[in-house]
Amino acid sequence: GEIGDTPVYIGGQQFAAWKHTQLILDAVPGRGGMFSLDNGREQRFLVRGRAFDMQEIDMLDPVDRVRAMRAALADDPHRFWLDQARRISWSRFPTRSDDSSFDAGDFAISWFSDGELNLCVNCVDRHLETHGQKTAILFEGDEPGEGRRLTYRDLHEEVCRFANALKHLGVGKGDRVILYMPMVPEAAIAMLACARIGAVHSVVFGGFSPDSLADRINDCGARVVVTADQGMRGGRPIALKANVDGALAHCPAVDSVVVIRRTGADVAMIEARDHRWEELRETVSPDCPAEAMAAEDPLFILYTSGSTGKPKGVLHTTGGYLLWANLTYDILFGGRPDDIFWCTADVGWITGHTYVLYGPLSNGATTVMFDGVPGYPDAGRFWETAGRLGVSVFYTSPTAIRALMRDGDEWVERHDRSSLRLLGTVGEPINPEAWNWYHRVVGEGRCEIIDTWWQTETGGALIAPVPGETATRPGSATKPLPGVHPQLLDADGALLEGATEGNLVIAQSWPGQMRTVYGDHERFFQTYFTTYPGKYFTGDGARRDADGYYWITGRVDDVINVSGHRMGTAEVESALVAHPRVAEAAVVGMPHDIKGQGIYAYVTLNKGEEADDELRRELRQWVRQEIGPIATPDAIQFAPALPKTRSGKIMRRILRKIASGEADGIGDTSTLVDPDVVDRLINGSESAF
Ligand code: 6R9
């Protein structure tokens with residue numbers, strides 16, 4: 001017949017094809033998902049004698065698909081990754097895949113580097129033709145039922161308008177834009193609008209203080225801030241715009257603020273600097289071309305806490321991040337076109353980026369944005385809302401599960417949960433008791449529990465069960481996803497085999513890996529690749545059982561995890577010592593029934609200062625104001641002296657033991673300058689709360 005002008009791709013390789021041809025492929029059914037046609041629709045494939053069209057091939061059993069992926073990856077990684085790259089749309093399809101190396105000599109993290117694409121096109125435009133009328137974002141406000149729906153078509157128009165408004169304010173490719181927002185659709189719209197014009201967004205969680213916000217604005221050099229008049233959480237207003245005003249007193253470079261109307265509160269507007277979104281919106285066109293971005297062009301910066309110094313600006317780039325968000329959402333949660341997916345994270349955290357927005361939207365799914373809290377108006381909120389919206393996949397934190405478990409089963413049981421089919425958790429280790437409750441009570445024993453281990457740095461999940469493929473075990477994130485190579489090392493860096501416990505590293509790059517610490521590439525290398533040369537060090541410890549299941553035990557560095565929020569002990573310490581009456585502070589984590597970990601601070605006062613409950617209250621308030629409510633210490637112990645070695649190092653190991661009420665296990669204190677300090681601290685620990 002006649003050679004058509006549409007090439008066929010099989011396994012990433014291009015073939016000429018005849019018009020209206022039938023291909024006979026020697027393939028196992030599960031591999032069908034990896035074949036694609038540029039025009040998708042006209043040709044039919046025969047897989048083992050049965051005809052499939054492209055639509056059907058995409059719908060093959062997800063477990064078969066993941067098994068086929070693992071096999072293909074083992075066979076030829078380069079070919080596999082280029083096949084996977086076909087999940088997303090490129091204006092220039094890459095020929096390169098992984099060009100990364102973790103070694104000092106040729107250190108680089110780079111994926112699909114010669115490809116070109118736009119993230120916003122992938123999350124919005126490409127769904128318009130096939131399902132423009134499908135709900136993209138299902139917004140649920142703080143009050144039950146206060147909501148709205150945006151179809152993909154609505155989202156497209158709003159994003160284009162916002163993108164034009166940003167351009168009007170002078171924002172262009174590569175410029176940084178700060179978002180300080182409630183969980184409203186406009187947060188998603190603004191993020192997608194940045195991506196559309198190649199601007200780099202940095203979302204700052206609305207719970208951070210004006211000072212924390214100012215630090216982040218200045219670190220990334222943003223000129224534009226997007227915010228709302230107020231947020232609304234649990235019936236209480238949050239003064240977002242007022243906080244921005246406070247922050248901007250220290251941010252001379254910011255010349256424009258876009259204010260979205262959320263509560264309608266009367267807020268100060270500064271002439272020429274502040275713009276109402278509702279007014280700007282009317283002045284801009286609903287059409288905005290998307291910028292073609294190189295795969296390695298920056299997509300966003302998200303600040304996260306490390307063990308030292310101020311928060312790091314974790315930078316993710318366009319191609320690899322999007323691919324990883326798309327792939328992991330698909331194999332962990334996706335697969336059914338009518339799914340309603342609800343991830344309860346705030347867009348101020350990485351989970352909100354990857355699994356409220358970019359994963360679901362790039363897969364054309366319906367995603368819920370929730371602007372409330374689990375306990376408002378009552379402890380049944382999650383299940384009432386899930387039932388009302390028909391949520392099928394629900395993803396939340398162990399902290400929320402533990403808090404709701406304590407409130408009792410009746411809050412769950414009074415609501416219909418029959419729409420739920422899959423339940424996920426993320427953010428911190430989940431204790432088997434909470435896991436079992438989630439499975440038995442919330443999921444009525446029918447829904448699998450997907451415990452996903454990952455980090456801001458990893459872009460998306462790395463260790464997690466694939467529904468149907470991996471048998472779950474309460475408390476284990478189970479096994480690595482395809483393309484993820486975890487290892488456990490001892491303190492000296494020796495590789496541990498088999499059933500063991502050690503420090504968790506990842507031996508090879510994956511597409512969603514962070515690319516740098518914004519503005520400080522050396523810090524990036526130092527932080528993650530020098531503890532164990534040639535490997536990415538996660539900062540987590542883990543146990544591996546005889547069947548190869550991973551059980552994350554928590555951070556092994558000076559980062560603590562409070563309600564799933566990362567907090568550097570150094571940050572809380574520097575906030576405390578900034579108080580005029582404080583001489584020195586040491587902060588450690590302590591076990592906490594609900595939050596996983598609480599914050600325990602040892603504080604030494606300046607000479608002559610009196611320690612009392614009044615000052616304890618004042619210091620807690622001080623830290624809230626300096627960093628934000630999530631950093632409020634749970635316990636403050638006034639200590640005349642801290643346990644120090646002769647070289648002046650605080651022995652945190654000892655402080656952790658005392659804070660955990662494990663004074664018996666303190667062990668050797670002979671290297672301390674003054675071993676008696678320890679006894680005094682143990683005796684004083686009762687009064688810390
Ligand atoms: C996605 C996210 C990362 C840290 C990470 C680890 C802890 C996350 C976990 C988990 C045990 C899980 N963590 N998921 N621990 N089981 N399923 O939370 O990113 O805020 O950067 O925190 O959270 O300690 O190192 P991030």
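When a ligand or atom number is given, it counts from 1 through the structure's own listing order. Excluded from the calculations below are hydrogen atoms, water molecules and symmetry mates; all remaining heavy atoms, backbone and side chain alike, are included.
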Identify the closest protein heavy atom to [atom]: which residue and atom is it, and at what distance?
atom	result
atom 11 (C) of ligand 1	Pro429 N, 3.1 Å
atom 16 (N) of ligand 1	Glu428 O, 3.3 Å
atom 22 (O) of ligand 1	Arg566 CD, 3.1 Å
atom 6 (C) of ligand 1	Asp540 OD2, 3.1 Å
atom 2 (C) of ligand 1	Trp454 O, 3.7 Å

With respect to [X], determine whether any N or O atom, backbone or side chain, lies less than 3.5 Å from an N or O atom of ligand 1.
X	value
Gly427	yes
Glu457	no
Thr425	no
Thr456	yes
Thr452	yes
Gln455	yes

Do the numbers put Arg543 on top of the ring of Tyr550, so that NZ or CZ is under 6.0 Å from the six-membered ring centre and no more than 45° off the axis? no
Is the cationic atom of Arg417 (NZ for Lys, CZ for Arg) positioned less than 6.0 Å from the six-membered ring centroid of Trp383 and within 45 degrees of its normal?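 Judged by the rule (NZ or CZ under 6.0 Å from the ring centre, within 45° of its axis), Arg417 is not positioned above Trp383.
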Under-4.0 Å salt bridge between [X] and [Y]:
X	Y	answer
Glu428	Arg402	yes
Glu140	Arg381	yes
Arg406	Glu433	no
Lys479	Asp547	no

Within less than 4.0 angstrom of ligand 1, does Trp349 place any heavy atom?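 For ligand 1, residue contact (heavy atoms, under 4.0 Å) with Trp349 is absent.
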Can the ring centroids of His485 and Trp510 be said to lie less than 6.0 angstrom from one another? no
Are Phe102 and Phe107 near enough that their ring centres are under 6.0 Å apart? no
Please state which part of Val559 comes within less than 4.0 Å of ligand 1, counting heavy atoms only: side chain, backbone, both or neither.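 None of Val559 does.
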For Asp219, the option from Lys310, Lys312, Arg523 that meets salt bridge (Lys or Arg N to Asp or Glu O under 4.0 Å): Lys310
Which of the atoms of ligand 1 are close to [X], meaning less than 4.0 Å from one of its heavy atoms?
X	value
Thr351	1 (C)
Asn561	7 (C), 23 (O)
Val426	1 (C)
Ile350	1 (C), 19 (O)

Testing Phe341, Phe394, Trp342, Tyr395 for ring-ring contact (aromatic ring centres under 6.0 Å, His included) with Phe370, which one passes?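 One option only clears the test, and that one is Trp342.
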Do the rings of Tyr528 and Tyr536 sit parallel, tilted or perpendicular, given the 30° and 60° boundaries? parallel
